[in-house]
Structures are given as structure tokens and as C-alpha cells.
Amino acid sequence: MADARFDPFGTHLDRDRALMILREALAGAEDGELFLERRRSEALVFDDGRLRNASYDASEGFGLRAVNGEVAGYAHSTEISEAALRRASETARLAVGSGGGVLAAPPAGTNLKLYTDADPMADASFGLKVETLREIDAYARALDPRVVQVSATIAASHQEVFILRPEGGLVSDIRPMARFNISVIVEENGRRESGGTGGGGRAGLAALMTAEHWQAQAREALRIALVNLRAVDAPAGVMDVALGAGWPGILLHEAIGHGLEGDFNRKKTSAFAGLMGQQIAAKGVTVLDDGTIPDRRGSITVDDEGTPSARNVLIEDGVLVGFMQDRQNARLMGVKPTGNGRRESHAHIPMPRMTNTYMLSGEAKPGDVVAEVKDGIYAVGFGGGQVDITNGKFVFSCTEAYRVKNGVIGDPVKGATLIGDGATALRNIRAIGNDMALDPGIGNCGKAGQWVPVGVGQPTLLIGGLTVGGAAA
């Protein structure tokens, strides 16, 4: 039986008294809110022929924030009660000091509904989930005798939030999430390589658990592993790089997206600070952050301050036209919030964060983009990476990449890393494909110790002059 809906003002708090305490905490402040949350999550990991881990977590609590200028006071608790709220109020209020602030206008309301309210964990019984994972393991092993290990994960969560504003408004959102991942390891002549894939979004588990879906995912994971099994050492040097559509947008997210978040630009620690209205990318490059795409992993009906999400243009035809903003940084910069105030949980303060960040299509056919590469690589899969926000310098490792000479895709390569900086990479985009695609729903973004789900996307791109780190000269 499904759990009853989270109803903090019906079971834990009197709404009028909670509002009174919130207003006392925010007297003389410029902004703030009471954020209440219940989150439940489940994950099952089947590895090496057996159920390795099965977990279920449930938590609830609140966070109270008081904002005055550049200062924010924040207190949180896992106990939702009037006594705990009063203690939090006293702590958060310390940031207000002598006051003097005037409360900012509240967020606009919305009737937008981007995803289902249903609990994805209720789509299947625990036994059926375990049996599906067992079938995945058997199916993947039967695909090829070189498969020596299979790992598969089914995960889901259900987050319910209420945001009480000092003017009396109450915003709520119910956020489902489901995800499926599979990876395989293959071995041949003593050499082992791996391949993995996955996906999901703000929807139920049912579609992810169909045989049609997971069999296709298993075949794709195996394909990547077998590609890597025949890969040769990657070249090294400065060369042209073609990036595939979809998940390679993670490079755009990390190397460019973080630099377009409001807090970094207000503090002038971003490589893009002070460049509003200037040409920062090649003509034809248009980049958006869009939290309004139905059912996508990074989408949010409202952000964690109560602002409706939006389709925000960041770069238009190569010109910097916007940043992603929460309420505090938007107010300090004299602009409007963009619906990007996000937090990991009630125990975390909101900050400007990406939702679904992607580049729009150009006019070139994908094959023509790759054909322009005279001597370089074609990267279609990425793993981990590192980025320095202050200068945009990045290092990314490729999980699937190919050598390209005279426009012809050759052998797969292993050990390839892409090295560069976001500002230069933007200016050196030489061709943009007409095949923009979003990632399959696997992205997580870390910032200041907080993790939130995100989406990325792009068309096939050609970037000139990236440094490729590899094993072969």
C-alpha cells in the first residue's frame, strides 16, 4: 500500500503559527522561506550473479532561511514541530542583524505540471524488481561468451516539497525519479574492457523494466565494451575533435554551464564575468537551460524557492545574453530570478544550479561534421572530468572515441582525454550538426557539496584545436 501524501500542515504544524514564526524570523530581511520535504528512495544493485545491495531510505525535515543582502542564515531539522521551527527561526534570524531590508516580491504562481505525482517505487513489487535484475544478468551473459561480469541497478525516488513564503503563499511540488543502469565487462586474450549505459527521468519504473527496454540497454552496454576491447592507444596532441550528440553535452554543462551561474558572475569568479552582451562563442552557437521539458531528469515544475522553472537562453548566436539565477543573486545583480534556485535537500541552502542545459541544432548533417576532421578524434561517450570555474579549464575522459583521418572514422581509441577551456572551445566551434539530442537521463551535478539531478544535450559538434591526452604520440 502506498504511503499517504506528505501533509506537514495537517500532521505536524499549524500553518498560521508556522507563518507567524517565519515572519518573525524574516522581520527586516529581504527574502527567505520555509522549505519542508519528505523524500523516499530505493535502489537495488545486482552484481556478479547475485543481489549485492538493496536499500530503502526515508527522510523528512525542514529548512528555514533568512536573507539580508549577501548574507543568508539557514537552519534545518529532521524534526518537523513548532518547537524545532522556533529554534531554527532564532538561528536563521542572526543573519538579519539590525534588519533594514524590505521583502522582495514573491515568485509568480504557475499551474504548470511537468511530471506525474505517482510514486515510481510502487510500479513493481520488490520480488519483481529482483527477478528483472536476474533476467538482465542472464540475458547479458548469453549475448556473448566474452562477458565475464554484469552489473545492473534499478533505482527510484519520490520527493514531496512544500515552500511557505512570508507573504503567506504556499507552493508545493511532487517530484518522481526513476533510473536504470547496466554495465558489462568483457574479456578476451587476457584483456578486459567495460561498457555501460542507462537512463531514466521523472516518470515511473514501469517503462524501464520492460524486456524491450532493458534488452536494448544490455546490447548497447555490450557494444561499447566490445568497441573498447579492440581499441588502440589514443593519440596525443592538439587536434580537431568531433563530439557526438546527446550525452557529450556533459562537456558543455561542466566547462561552460557552471560559468554561467549567477553567483559565480556576481562574485566575478567566473571566466565569463563582465562579458554580458559580448560575443563569447562562434556564430550559430545558442545554449539554453530549460527546466520545463516534461519528464526530463533535470526538469522542475518550480525551483526550491518556489519560482516556476523556465526556458532560459544563455548564449544566443554566440552572444552572452543571460545567466542562471536564484532569488538572492538575481536581486543583488538587479535582474529577475530564472527558476534555477535549487538545493539537494531540506538540509541544504539553495543556490543557482542548472536544470537541462543544451545547445540548439545547426544546419550541418552529422556525417558532414565528422567529415571535416582531417586528423583528430570523434568522441561519443564521456566519463569523469574536472573543471576550474575561475578559468573554465577542463579535463574529460572519453569512454567511447574513434580516430579520424581525412574525414574517415577509423579504429576506436582508449585512454583519450580532452583538455581545454570553455571560453576557447566555444569560440573554436567550427560546425554544428542538425541532430540535437538530450542525454538518456543519467546526469548528476555537484556544486559546493550538493548534488542535484540534471540533463544535458547537444548536436554533433566540431571543435578545433583541443588538446587530446593519450598514450600514443
Side-chain angles (χ1 to χ4, degrees), residues 5-39 60-69 72-77 80-82 84-86 88-89 92-93 95-96 99 101-115 117 159-175 262 291-292 299-310 312 324-332 335-343 345-346 348-353 355:
R5 288 286 175 89
F6 182 48
D7 182 19
F9 296 111
T11 57
H12 296 76
L13 295 170
D14 177 85
R15 177 173 170 177
D16 291 337
R17 293 183 66 82
L19 179 59
M20 179 186 68
I21 296 170
L22 177 62
R23 285 173 171 170
E24 291 174 354
L26 271 55
E30 294 179 340
D31 205 0
E33 74 284 311
L34 174 62
F35 180 90
L36 303 112
E37 173 199 36
R38 181 177 72 171
R39 184 194 300 265
E60 65 179 36
F62 72 85
L64 192 153
R65 183 176 63 145
V67 182
N68 203 31
Y74 196 69
H76 60 89
S77 174
I80 303 178
S81 68
E82 184 174 326
L85 185 58
R86 286 194 178 278
S89 170
R93 176 150 185 82
V96 179
V102 176
L103 278 176
T110 179
N111 291 320
L112 192 66
K113 189 174 177 62
L114 299 175
Y115 30 78
D117 287 350
Q159 181 192 27
E160 301 163 273
V161 303
F162 284 84
I163 304 167
L164 181 64
R165 301 280 317 167
E167 68 280 351
L170 182 65
V171 179
S172 64
D173 195 18
I174 299 176
R175 302 165 179 169
T292 69
S299 295
I300 43 175
T301 300
V302 295
D303 72 7
D304 294 323
E305 299 177 304
T307 305
S309 63
N312 298 300
M324 291 164 281
Q325 300 284 5
D326 63 354
R327 287 175 58 86
Q328 181 182 21
N329 285 282
R331 186 171 59 259
L332 292 169
V335 297
K336 293 182 179 179
T338 59
N340 290 94
R342 305 187 66 190
R343 64 183 101 199
S345 75
H346 69 271
H348 300 84
I349 198 165
M351 64 181 76
R353 303 295 299 272
T355 57

Q: Could you list the residues that satisfy salt bridge (Lys or Arg N to Asp or Glu O under 4.0 Å) with Asp303, not counting sequence neighbours?
A: none
(Q) With a 3.5 Å distance limit and no angle check, can you tell me whether Tyr115 reaches the backbone of Thr301 through a side-chain donor-acceptor pair? (A) yes
Q: May I ask you to decide if Thr338's main-chain N or O and Gln325's side chain share a donor-acceptor pair within less than 3.5 Å?
A: no
Q | From CZ (Phe6) to CD (Glu37), nearest 0.5 Å | A | 8.0 Å
Q) Does the pair Arg327 and Asp304 meet the rule for a salt bridge (charged side-chain N to carboxylate O under 4.0 Å, His left out), with working shown? A) CA-CA 10 Å; Arg327 287 175 58 86; Asp304 294 323; over 6 Å; no
Q. To the nearest 0.5 Å, how far apart are CD in Glu160 and CZ in Arg39?
A. 11.0 Å
Q | Rounded distance (nearest 0.5 Å) linking atom CD of Glu60 with atom CZ of Arg38 | A | 7.0 Å
Q) Between Arg343 and Pro350, is there a donor-acceptor pair closer than 3.5 Å when you use the side chain of the first and the backbone of the second? A) no
Q | Distance (rounded to the nearest 0.5 Å) between Leu34 CG and Leu13 CG | A | 7.5 Å
Q: Report the C-alpha separation of Glu167 and Leu103 in whole Å, then their side-chain angles, then the decisive distance to 0.1 Å, and conclude whether the side chain to side chain contact (heavy atoms under 4.5 Å, CB included) test is met.
A: CA-CA 9 Å; Glu167 68 280 351; Leu103 278 176; 5.8 Å; no
Q: Please round to the nearest 0.5 Å and tell me the distance separating atom CD1 of Ile300 and atom CG of Asp173.
A: 8.5 Å
Q: May I ask you to decide if Met324's main-chain N or O and Asn340's side chain share a donor-acceptor pair within less than 3.5 Å?
A: no
Q) What closest approach, in Å, do Phe62 and Ala88 show between heavy atoms, and which atom pair accounts for it? A) CE1-CB, 3.5 Å
Q.
For the CZ atom of Arg65 and the CD atom of Gln328, what is their distance to the nearest 0.5 Å?
A. 6.5 Å
Q. Looking at Gly101 and Asn68, what are the two nearest heavy atoms and their distance?
A. CA-OD1, 4.0 Å
Q. Taking all non-hydrogen atoms of both residues, which atom of Ser77 and which atom of Ala84 are closest, and how far apart?
A. OG-CB, 3.9 Å
Q: Could you tell me which residues satisfy salt bridge (Lys or Arg N to Asp or Glu O under 4.0 Å) with Asp7, sequence neighbours excluded, listed by chain and number?
A: none
Q | Candidate pair Ile174 and Arg5, rule side chain to side chain contact (heavy atoms under 4.5 Å, CB included), full reasoning | A | CA-CA 10 Å; Ile174 299 176; Arg5 288 286 175 89; 3.3 Å; yes
Expected list for residues 16-24: side-chain donor-acceptor pairs under 3.5 angstrom, two or more places apart:
residue, atom, partner, partner atom, Å
Arg17, NE, Glu82, OE1, 2.9
Arg17, NE, Glu82, OE2, 3.2
Arg17, NH2, Glu82, OE2, 2.7
Arg23, NE, Pro166, O, 2.7
Arg23, NH2, Pro166, O, 3.4

**Q.** Carboxylate-amine/guanidinium proximity below 4.0 Å for Arg331 and Asp326
**A.** no
Q: Would you check if Leu64 and Arg86 make a side-chain contact, meaning some heavy-atom pair closer than 4.5 Å?
A: no
Q | Nearest heavy-atom neighbours spanning Ile349 and Ala72 | A | CD1-CB, 3.7 Å
